[in-house]
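Here the structure comes first, spelled out in structure tokens, and everything after it is commentary.
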Amino acid sequence: MPLLPFLTAMLVGALPAAPVTTRTAPTFNGGVYAIAHRGDTVYVGGAFTSATSGGKTYKRMRLAAFDARSGDLLDWAPPADGTVRALATTTDSVYAAGDFHEVDGEDRDSLARINPSTGAVASFAHEITGTAYALGTAGNRLYLGGSFTAVDDERRGNLAAFDLTTGRLDTRWRPLTDDTVHSLAVSGSRVYLGGGFHIVNGVKGTLRLAAVSSAGGAVDPVFRPRVPAEVRAIAVDASGVQVATAGVGGRALSYATTGALRWQRVFDGDAAAIASAGGITYVGGHFDAICRTERNGAKGGCVDGSTPRLKLAALTSTGTLTGWAPQANGVIGVRVLTVHKGTVEAGGDFTTIDGRDRRRFAAFR
């Protein structure tokens, strides 16, 4: 990271603390792993089996939806029989991926297409040999990442794509990684991949983070970042590519589209979620503090001092810590972050934010 942001942080600690206001939203009895949007509807996926809204508790088997304006839980409630780990939306569909084998009584192996209004399961069925972790959409394609070896008995190395018109497995897009893909982000002609892999398509310089063509899957020859630990989440904006990593102490790192490092910040625990909007990068994870320098100890502790940040933090476009500091509890903390229409949304395993009841989901304005 450039020296100036660190000197600033060491001299003044961080930008002045800003008040944090949470919006009305449902709470959940189990972990929230995925958040997606379609208009003013927020779709949520995870390991929960019920949601509480307006003082009442409703059965919601790992999938739910609510109105972003009012915070009211909607009737949309297709039940999944296993954890939903990723969601993506198009104009006419909600796509879910995870550990399930059945959705709303229909056989669906780790991947399902659902009507965004009625919750009915559509005719989009594939067999995934392994686990699905990430989804992305662009143009007429749905991109899937995870830890799997085949789709519909066709060999695939942790990555696959589907034609959204026909619903068929895309035979042209078939990049290959040697280990798990945890996150996908589609931007223009690139699909950014993050995970625990060492190499993509046999091309050197693709450790843990790489970009491939959104059309054919070839490794981008320009983007060559050097990432120190397993990538758990990716966010792309006009300034570049931001990633959250695990490791001995987590990190938030920002790369230019060439792969050059722009800045990095170190936490005393894993960074598991990241989102960017308006020049601010929001980070969530298992951490309790952000380090004032890049140095941390053998167990991840900050060597040169730290500033408290309980599972959530926000950074400027130069990596300087802001005063945004909601305090989430729990060991796992935050699993997923999104920013939509000026609202920051967090999901995970926390039960309170700033001491208030915000079980597994919170929305900040």
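For the numbers below, each heavy atom of this structure counts, side chains included, while hydrogens, waters and symmetry mates do not.
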request  = With sequence neighbours left out, write down each residue that passes salt bridge (Lys or Arg N to Asp or Glu O under 4.0 Å) with Asp349, or none if nothing qualifies.
outcome  =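 Once residues adjacent in sequence are excluded, the partners of Asp349 under the salt bridge (Lys or Arg N to Asp or Glu O under 4.0 Å) criterion are Arg335.
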
Pairs flagged by disulfide bond (SG atoms under 2.5 Å apart) wherever residues 294-365 is involved - sequence neighbours left out =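 Qualifying pairs: Cys291-Cys302.
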
query = Quick one: disulfide bond (SG atoms under 2.5 Å apart) pairs with a partner in residues 219-265, sequence neighbours left out?
reply =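 For residues 219-265, and leaving out neighbouring residues, there are no disulfide bond (SG atoms under 2.5 Å apart) pairs at all.
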
task = Kindly state each residue pair satisfying ring pair (Phe, Tyr, Trp, His ring centres under 6.0 Å) with at least one member in residues 202-234, sequence neighbours excluded.
result =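 Matches after skipping sequence neighbours: Tyr192-Phe223.
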
task = Under the side-chain hydrogen bond (donor to acceptor under 3.5 Å, both in side chains) rule, collect the residues that match up with Ser93, sequence neighbours excluded.
result =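 So Ser93 forms a side-chain hydrogen bond (donor to acceptor under 3.5 Å, both in side chains) with Arg113.
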
request  = Applying side-chain hydrogen bond (donor to acceptor under 3.5 Å, both in side chains), name anything that partners Ser213, two or more places apart in sequence or on another chain.
outcome  =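 Applying side-chain hydrogen bond (donor to acceptor under 3.5 Å, both in side chains) to Ser213 gives none.
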
message = Strictly by salt bridge (Lys or Arg N to Asp or Glu O under 4.0 Å), give each pair with a member in residues 316-325 just once, sequence neighbours left out.
response =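 As it turns out, there is no salt bridge (Lys or Arg N to Asp or Glu O under 4.0 Å) pair with a partner in residues 316-325 once direct neighbours are skipped.
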
Residue pairs, two or more places apart or on separate chains, that pass salt bridge (Lys or Arg N to Asp or Glu O under 4.0 Å) and touch residues 162-173 =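 Passing the test, one end in residues 162-173: Arg141-Asp170, Asp170-Arg172.
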
query = Can you list the residues that meet the ring pair (Phe, Tyr, Trp, His ring centres under 6.0 Å) rule with Phe350, with sequence neighbours excluded?
reply =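 Ring pair (Phe, Tyr, Trp, His ring centres under 6.0 Å) check on Phe350 returns nothing, list empty.
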
query = What residues join Leu135 in its hydrophobic cluster, counting side-chain heavy atom gaps under 4.5 Å, either direct or through other members?
reply =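 Direct or chained contacts put Leu135 with Tyr95, Leu111, Phe124, Ile128, Leu142, Leu144, Phe148, Val151, Phe162, Leu164, Leu169.
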
message = Tell me which pairs pass side-chain hydrogen bond (donor to acceptor under 3.5 Å, both in side chains) where either residue lies in residues 123-132, with sequence neighbours left out.
response =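 The answer is His126-Asp152.
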
message = Taking side-chain hydrogen bond (donor to acceptor under 3.5 Å, both in side chains) as the cut-off, I'd like each qualifying pair that reaches into residues 237-248, sequence neighbours left out, listed once.
response =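 Sorted pair list: Asp237-Ser239, Asp237-Gln242, Gln242-Ser254, Gln242-Ser276.
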
inquiry  = Aromatic contact between Trp324 and Phe364, with the criterion being ring centroids under 6.0 Å apart: yes or no?
reply    =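 When the ring centroids of Trp324 and Phe364 are compared, they turn out to be within the sub-6.0 Å range.
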
